[in-house]
2 protein chains.
Amino acid sequence: MRENGVMPIAETPKNPEPGTELARSGSPASSPGRILTLVHRHGSLSRAQLTRLTGLNRSTVGVLIAALAAQGLLYEAAPEGEAQVGRPSPEVHPNPAVAALAVNPEIDAVTIGLVGLGGRVFKKIRYPTQRIPTAAEAVNIAAAVIAGMRGELDAQYRVVGVGVAVPGLVTGVDGVVRHAPHLDWHNEPVADMMAAATGYRVRVANDASLAAEAEMTFGAATGIANLIYLNGGASGIGGGIVADGRLLTGVSGYAGEIGHTLVRSDGISCHCGAFGCLETEVRQAPLLAALKLDAGDPAALARALRATEDPAVTAEVDRQIAHLATAIGNVVNVFNPEAVVLDGFLAALYSAAPEQLLAAVSARSMREPGAQVTIHPAALGADLMMVGAAELAFAALLADPAGFMEAR
Amino acid sequence: MRENGVMPIAETPKNPEPGTELARSGSPASSPGRILTLVHRHGSLSRAQLTRLTGLNRSTVGVLIAALAAQGLLYEAAPEGEAQVGRPSPEVHPNPAVAALAVNPEIDAVTIGLVGLGGRVFKKIRYPTQRIPTAAEAVNIAAAVIAGMRGELDAQYRVVGVGVAVPGLVTGVDGVVRHAPHLDWHNEPVADMMAAATGYRVRVANDASLAAEAEMTFGAATGIANLIYLNGGASGIGGGIVADGRLLTGVSGYAGEIGHTLVRSDGISCHCGAFGCLETEVRQAPLLAALKLDAGDPAALARALRATEDPAVTAEVDRQIAHLATAIGNVVNVFNPEAVVLDGFLAALYSAAPEQLLAAVSARSMREPGAQVTIHPAALGADLMMVGAAELAFAALLADPAGFMEAR
DNA sequence: GTTAATAAGTTCTGTACTCAAACATATTGG
DNA sequence: CCAATATGTTTGAGTACAGAACTTATTAAC
């Protein structure tokens, strides 16, 4: 036994626990950025939790939080709930008055939202349009709605920018919508147009990609770093892929088009030029027609699918599930994701026969990745696009709070 | 005009040129790590180029290079070639004596190599086996060959570790080969076995993934951050995906199995349990049989394919190209890669009718991503697996040179 | 050939970030 | 009330890096 001797230098546990914090899509965030991001995503965290998650020293965390609090980005409050042994650690909350505007043009409406740091949706205004809006019209509508809120925004919020979620291919850097087939937009400089019309910083991205990030951040796949998101809407199937916590964009931002995977060699031809695509074989319209529903409400569709015993409907469901499973099995082999999140009518399809889809995916994928993957219906529902688009506007702030606040 | 007045403070160009340096698979490297990595990948760079690529101040780069040179990891030399205006910037070279061992077990041989920093292959020893080696046999063979080189290694090189490239599914962290179908290995702790047998640090990964990284780093896709690599061998089709400069692994390291994408709905059944997989429809054997070749040399196959006018052969080529294009089109839609690199007999297939494959891929993919993607035959050939496996062993050194040298 | 112009290496100093140690504080369980 | 525990707080030091000022090596111009 060693007694009275000089103790060896205290072991210094260096490395932060690996894997506790997800890498994020953007560039490697600064330390204040990591703190703010964690608080934003979790809604609230104790200082002690932040210390563990970041791997930083608790004195450092103290300094960083003080700085962020001084900038009005977050605030501390007394802890609530049962206390543990030891000095209680104050809860750190994001300041929800720091907010982002979210814009989502669709074929029949433009939706504008206001989302606070922490992910709460304060406002959501759906502005229906007579016909499919042009890019200029969509921008004008959004700008007008924002102008109407301006007094309130300036008085009660600090708006960091605008995020636009567009159902189409968007070039990453400059916010140009290259091609949005259902809106019939081509090479529209939406970011510049919206910036000119509102005076805010604007970023634009593909809606499905943003939805994938939103589901990872706040939804069904919270904390999962490898996931596939698939959304089925009236106009087709969009997707987004998150790998190692980062949203995949590809060279020019077009990644994620899982809707155009081959699922049937003798399938009918698709507007993309190919044939037998997932999007042409798995559609909402035949299901609605067979069930004699007309609205595209996924919840109603899910209820009807679960209730029906019509053999024509179940045959169509079986067919679509088989094709969906083929596409999912392919991407499971290619990506080895932890989870697949299904949204829109694909979630309804899943809820009609969850084991059947899971079994078919297993059959179509290799054993190990097929056995590991889980399937979830999306959790964010109606607010999804608002949260996703807002995340786009928050990104710059979250990456470098000091630099962002300084620049304005 | 302002004259004699106080000049405005010199504009300070901050941010390093974005996109000049690729993010890498590993964790975000330290600054010395970034320098060493760049020098390793480029073979040699001037200090001025390193300053620009890293975005660091030139005084900082000077300090970092001095430290790395003191550790014997790189050295500076007088610049060669035509000089520019201004003081010449010394060339920084990696020290090739800092080397990694590479091991690649296959069904009929175990290949052991020695690769220097900078990517040069100094030695490559192919040790043929009578039958498919077990994991223990493969480790023993590799350990014996390495023991035979030991004197030379200790005298002339600094060996940083061993990288093993295995044709099978490998769990990322612990180096366990979960399942290598063609070797018939199951749950073999290859990393631990090899470490025990050689005394070196060992890392293990999937061969196709390593090949993808090697082609990105030193081969046909140098500097391309978004690419798909597909290799066709006697036993099937393997692949690897690099997105934003990072190799995708998935949750448990199984990502990249593009060989099991559906390409034909009424296709024959595959050993993976599904049917109509790329791997079952596009195979080397029928091509070799039709051409009456027996060796699987891709170069000979490519020559024979280009020379033949046998309609049976061209029909088979057409069929395989169509199926290959389907699989490539799918992943192009999903990933929007800049390049697809084809290796093994797939490269031969491509060289037989390059425009045909390209056109078929375009037809199967969406317009924008389909128009952007390029297809290349692999460039690294015989040394590919050695370079890829060595990269695995170099990774820890490149991420944090100081920490690595200190730890031993 | 000397002299600018240019581009880069070198030296020095300041600052921001971070950690560790010592200390202070708030809680639970005896 | 006291020990044990976990945490916040204060202080001092170390490191990485940037920026300014200076030096050096080259080409281009006269």
Side-chain angles (χ1 to χ4, degrees), chain A residues 6-16 28-36 45-71 74-92 400-403 405-406, chain B residues 7-16 28-36 45-70 75-92 400-403 406:
Chain A
V6 175
M7 286 297 289
I9 297 162
E11 276 117 62
T12 49
K14 276 270 181 179
N15 341 9
S30 62
S31 284
R34 287 165 65 201
I35 301 249
L36 186 58
L45 284 166
S46 73
R47 266 168 76 160
Q49 286 176 298
L50 281 169
T51 306
R52 280 188 290 270
L53 287 169
T54 57
L56 296 170
N57 189 282
R58 61 180 195 265
S59 55
T60 307
V61 171
V63 171
L64 295 175
I65 289 176
L68 290 167
Q71 290 172 305
L74 42 77
Y75 63 93
E76 290 182 287
E80 53 209 22
E82 296 107 72
Q84 307 293 309
V85 188
R87 177 171 176 173
S89 189
E91 287 293 313
V92 182
D400 179 13
M405 300 303 286
E406 190 183 307
Chain B
M7 286 297 288
I9 296 160
E11 276 116 62
T12 49
K14 274 268 181 178
N15 342 6
S30 62
S31 285
R34 288 166 63 201
I35 302 249
L36 186 58
L45 285 166
S46 73
R47 265 168 77 161
Q49 286 176 299
L50 282 169
T51 305
R52 280 188 291 269
L53 288 169
T54 58
L56 296 170
N57 191 284
R58 60 180 195 263
S59 55
T60 307
V61 171
V63 171
L64 295 175
I65 289 175
L68 290 167
Y75 63 93
E76 291 182 287
E80 53 210 22
E82 297 107 71
Q84 307 295 308
V85 187
R87 178 171 175 173
S89 189
E91 287 292 314
V92 182
D400 179 14
E406 189 184 307

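Fair warning: this is a prediction, and the values are worked out from it, not measured in the lab. Letters A, B, ... are given to chains in the order of the sequence lines, protein chains preceding strands, and every chain is numbered from 1.
Between the CG atom of B:L45 and the C1' atom of C:dA8 there is a distance of 16 Å, rounded to whole Å. Per the geometry, CD1 belonging to A:I65 stands 13 Å off C1' belonging to D:dT9, to the nearest Å. The CZ atom of B:R34 sits 14 Å away from the P atom of D:dA16 (whole-angstrom rounding). Atoms CG (A:L64) and C1' (C:dC19) sit 12 Å apart, rounded to a whole Å. Summarising the geometry, the separation between CD on A:E91 and P on C:dT27 is reported as 14 Å, rounded to the nearest angstrom. Across the protein-nucleic acid pair, A:D400 atom CG and C:dA16 atom P stand 14 Å apart, rounded to whole Å. Atoms CZ (B:R47) and P (D:dT24) sit 15 Å apart, rounded to a whole Å. If you take CG of B:L56 and C1' of C:dG9, they are 16 Å apart, rounded to a whole angstrom.
Residue B:T60 has a polar side-chain atom (N or O) positioned under 4.0 Å from OP1 or OP2 of D:dA18. Of the side-chain N and O atoms in A:R58, none sit less than 4.0 angstrom from OP1 or OP2 of D:dT10. Considering only side-chain N and O atoms, A:S89 lies nowhere under 4.0 angstrom from the phosphate OP1 or OP2 of D:dA6. At C:dT18, none of the side-chain N or O atoms of A:N57 fall inside 4.0 Å of OP1 or OP2 (strictly under the cut-off). Considering only side-chain N and O atoms, B:R52 lies under 4.0 angstrom from the phosphate OP1 or OP2 of C:dA8. Side-chain nitrogen and oxygen atoms of A:R87 include none within less than 4.0 Å of the OP1 or OP2 phosphate oxygen of C:dC23.
Here D:dT7 is the nucleotide among C:dA26, C:dA8, D:dT7 with the atom lying nearest to any side-chain atom of A:A48.
In this structure, B:I65 and B:V92 approach most closely via the heavy-atom pair CD1-CG2, 3.9 Å. The shortest non-hydrogen separation linking A:E91 to A:P79 is CG-CA, 3.9 Å.
Nearest-nucleotide positions on DNA chain C for A:V63 and A:Q84 put A:V63 closer to the 5' end. Residue-to-nucleotide proximity on DNA chain D shows that, of A:V85 and A:S59, the 5′-proximal contact is made by A:V85.
The structure places CG of A:D400 at 4.5 Å from OG of A:S30, a figure rounded to the nearest 0.5 Å.
Among the candidates B:L64, B:T60, B:V61, the single residue satisfying the side chain to side chain contact (heavy atoms under 4.5 Å, CB included) test with B:T54 is B:V61.
Using a distance-only test at 3.5 Å, with no hydrogens or angles considered, a donor-acceptor pair links the side chain of B:S89 to the main chain of B:A48.
Residue B:S31 is in sugar-phosphate contact alone, with no base atom involved, counting any heavy-atom pair closer than 4.0 Å across all strands shown.
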